[in-house]
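Have a look at the structure below before the remarks.
Counting starts at 1 for both ligands and their atoms, in listed order. Computed from a predicted model, the values in this text were never measured in an experiment.
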Amino acid sequence: MNSRPSIAFAKFAAPKKGSVFVLVADEGGLSDAARACDPAKTLDRAFPVADFTGKFASLVEVLAPEGTSLERLVAVGAGKGSNLDDYGWLKLGGTIAASFRKANEVAVVLDLPGAAVSGRQAVQLAAGILLRSYSFDKYKTKKNNGDDKREPKKPVKVTIHTADPAAAKKAFADEAAVIDGVLLARDLVNEPANVLGPVEFAARIAELEALGVTVEILAEKEMKKLGMGSLLGVAQGSPRGARIAVMRWDGGKAKESPVAFVGKGVTFDTGGNSIKPASGMEDMKGDMGGAAAVTGLMHALAARKAKVSVVGIVGLVENAVDGHAQRPGDIVTSMSGQTIEVLNTDAEGRLVLADALWYCNDRFQPKFMINLATLTGAIMVALGQHYAGLFSNNDELADRLTAAGQATQERVWRMPLGAEYDKLIDSKNADMKNIGGRHGGAIIAAQFLQRFVKDTPWAHLDIAGTAMGAPSNEINQSWASGFGVRLLDRLVRDHYEQ
Ligand code: BES
Ligand code: MN
Ligand code: ZN
């Protein structure tokens with residue numbers, strides 16, 4: 001995150017010496033204000049030469065133009081600018097950031113000939129710049145390895161010149177809180193498991209206290225006392241200990257029941273005794289993507305002082321394999337009292353969530369619970385990596401999540417639940433088993449979770465395909481996407497704040 005650009009908003013003004021000048025142009029050409037900016041004339045002359053018509057995300061560059069002290073002039077197409085929705089502006093910001101390359105200072109002129117650009121739109125563009133500029137490079141010691149002598153020492157300074165900079169500045173504070181939450185989630189997911197185990201993750205969560213979040217960390221002893229045999233069974237093959245972190249942000253009315261988010265935080269998933277194949281196992285450092293999203297969301301909500309009471313709970317364990325590791329066939333007793341026959345130690349996420357969900361419901365009686373988990377490979381078979389799987393016992397909650405997914409383009413697709421699937425996890429030897437048959441693996445996992453939520457409105461997001469390794473796009477070039485933070489911030493903002 002040391003590459004995070006600084007962002008300022010200002011009225012139209014001449015760009016500083018040595019900076020890169022970026023002009024947003026749409027299919028209607030340039031606005032009067034944009035045309036009045038000095039280097040814009042040079043770009044305008046370059047448009048016909050480059051066949052530039054303002055098409056969305058298209059680009060023209062003029063290098064070291066004579067008569068100016070600027071490094072580069074860039075025009076970026078906004079398409080039909082007045083038709084862009086929030087996500088369009090976000091993507092445009094991402095596209096613009098890609099054109100910065102090694103610039104130290106950038107002036108973006110944002111004004112369109114059609115409708116005036118609002119503060120909100122300018123802020124989405126800024127957010128896109130921040131999201132696109134993220135890279136996880138803290139372990140690269142050779143930043144300046146000789147192939148690029150012009151690598152900037154400092155983060156790029158971006159000034160967005162717009163008609164109403166005051167409005168943009170005001171709106172930016174809230175949006176920056178959300179972006180910081182997304183980047184925090186990405187950082188956590190990208191971090192290798194030797195550095196980030198359950199204890200270290202819990203310590204990162206405790207840092208949220210600086211934002212006014214109340215953080216409680218439960219260690220093994222307390223979990224044992226609470227009867228969390230399901231979660232602890234997963235943890236017992238690792239020397240690194242297990243934790244539950246409880247985060248609370250009380251921005252709502254007193255006595256109001258909170259909304260709750262629960263995350264799977266398996267800091268590394270070897271599969272345990274049902275061990276995974278070596279190929280690709282390194283990706284299982286990201287098996288805490290659900291917990292990272294919950295942590296990022298709590299950061300976002302607290303940093304923007306959301307008017308809502310929220311609980312975030314994450315179950316943090318390492319699913320490792322040593323002589324103490326649980327075996328296929330072991331039977332554990334969950335906090336709910338229900339017993340589970342562990343037929344596959346690699347179906348561990350559901351075992352962690354069983355106790356985390358039960359504990360959340362039991363202690364907080366939340367308005368709803370939404371859990372996020374990199375739960376199954378099967379969800380990728382079903383949906384690929386562009387949608388997360390959504391499972392819910394509540395149509396209203398499911399519809400709201402779907403709408404928030406459309407708005408943020410962190411999309412979710414509803415999958416079925418039902419008694420026929422539920423009975424597939426009945427066990428001969430215990431109340432249930434942790435795997436079903438060969439088919440419908442993502443649904444079976446969801447059915448398992450549902451046995452721990454009673455009648456509380458609940459949704460499960462299977463983010464195995466979207467939290468990590470998803471194709472890069474305009475606003476994310478990193479392995480970890482931070483999926484879920486923008487989605488759930490939007491859900492809360494649209495429906496649960498006073
Ligand atoms: N963490 C994995 C799921 C996963 C796989 C996430 C690939 C991201 C990428 C989960 O714990 C798991 O191993 N699930 C098994 C379940 C099976 C044993 C029933 C799976 O999906 O194969
Ligand atoms: Mn597993
Ligand atoms: Zn897992």
> Looking only at protein heavy atoms, which one is nearest to atom 19 (C) of ligand 1, and how far off is it?
Replying inline: I435 CG2, 3.6 Å
>> For atom 11 (O) of ligand 1, tell me which residue out of M380, R438, E348 has the closest non-hydrogen atom.
In response: E348
>> If you define the side chain from C-beta out and look only at heavy atoms, does anything of R243 sit under 4.5 Å from E220?
In response: yes
> Of all the N, O or S atoms in D269, which one sits nearest to the Mn ion (ligand 2)?
Replying inline: OD2
> Side chains of V178 and R490: closer than 4.5 Å at any heavy-atom pair?
Replying inline: no
> So do the side chains of L488 and L372 get within less than 4.5 Å of each other, counting heavy atoms only?
Replying inline: yes
> Hey, are D174 and R493 close enough for a salt bridge, meaning a charged N less than 4.0 Å from a carboxylate O?
Replying inline: no
> For ligand 1, which atoms have a heavy atom of N344 less than 4.0 angstrom away?
Replying inline: 18 (C)
>> Angle at the Zn ion (ligand 3), OD2 of D269 to OE2 of E348, rounded to 10 degrees, please.
In response: 90°
>> What protein heavy atom lies closest to atom 15 (C) of ligand 1? Include the residue and the distance to one decimal.
In response: D346 O, 4.1 Å
> Is the closest heavy-atom distance from I444 to ligand 1 below 4.0 Å?
Replying inline: no
> Heavy-atom distance under 4.5 Å between the side chains of K91 and L84, does that happen here?
Replying inline: no
> Within a radius of less than 6.0 Å around NE2 of H495, do more than 12 heavy atoms belonging to other residues, nucleotides or ligands occur?
Replying inline: yes
> With a 4.5 Å limit on heavy-atom distance, are the side chains of I275 and V321 in contact?
Replying inline: yes
> If the Zn ion (ligand 3) is the vertex, what is the angle to OD2 of D287 and NZ of K264, rounded to 10 degrees?
Replying inline: 90°
> Residues two or more places apart in sequence or in another chain: which of them pass ring-ring contact (aromatic ring centres under 6.0 Å, His included) with F391?
Replying inline: H460
> Which atom, among the N/O/S set of E348, is closest to the Mn ion (ligand 2)?
Replying inline: OE1
> Quick one: does ligand 1 sit under 4.0 Å from the side chain of D269, the backbone, both or neither, non-hydrogen atoms only?
Replying inline: side chain
>> Testing the basics here: between R4 and P155, what is the closest heavy-atom pair and its distance to 0.1 Å?
In response: O-CB, 3.1 Å
> If you measure from each non-hydrogen atom of L375 to ligand 1, which part falls under 4.0 Å: side chain, backbone, both or neither?
Replying inline: backbone
>> I'd like to know whether ligand 1 has T374 as a neighbour, heavy-atom separation below 4.0 Å.
In response: yes
>> Counting only heavy atoms, tell me which of M468, R350, K276 gets closest to atom 8 (C) of ligand 1.
In response: M468
> Which residue owns the protein heavy atom closest to atom 22 (O) of ligand 1, what's the atom, and how far is it?
Replying inline: G377 N, 4.6 Å
>> Would K264 count as a contact residue for ligand 1, given that I'm defining contact as a non-hydrogen atom of the residue lying under 4.0 Å from a ligand atom?
In response: yes
> In Å and rounded to the nearest 0.5 Å, what is the CG to CD distance from D85 to Q409?
Replying inline: 7.5 Å
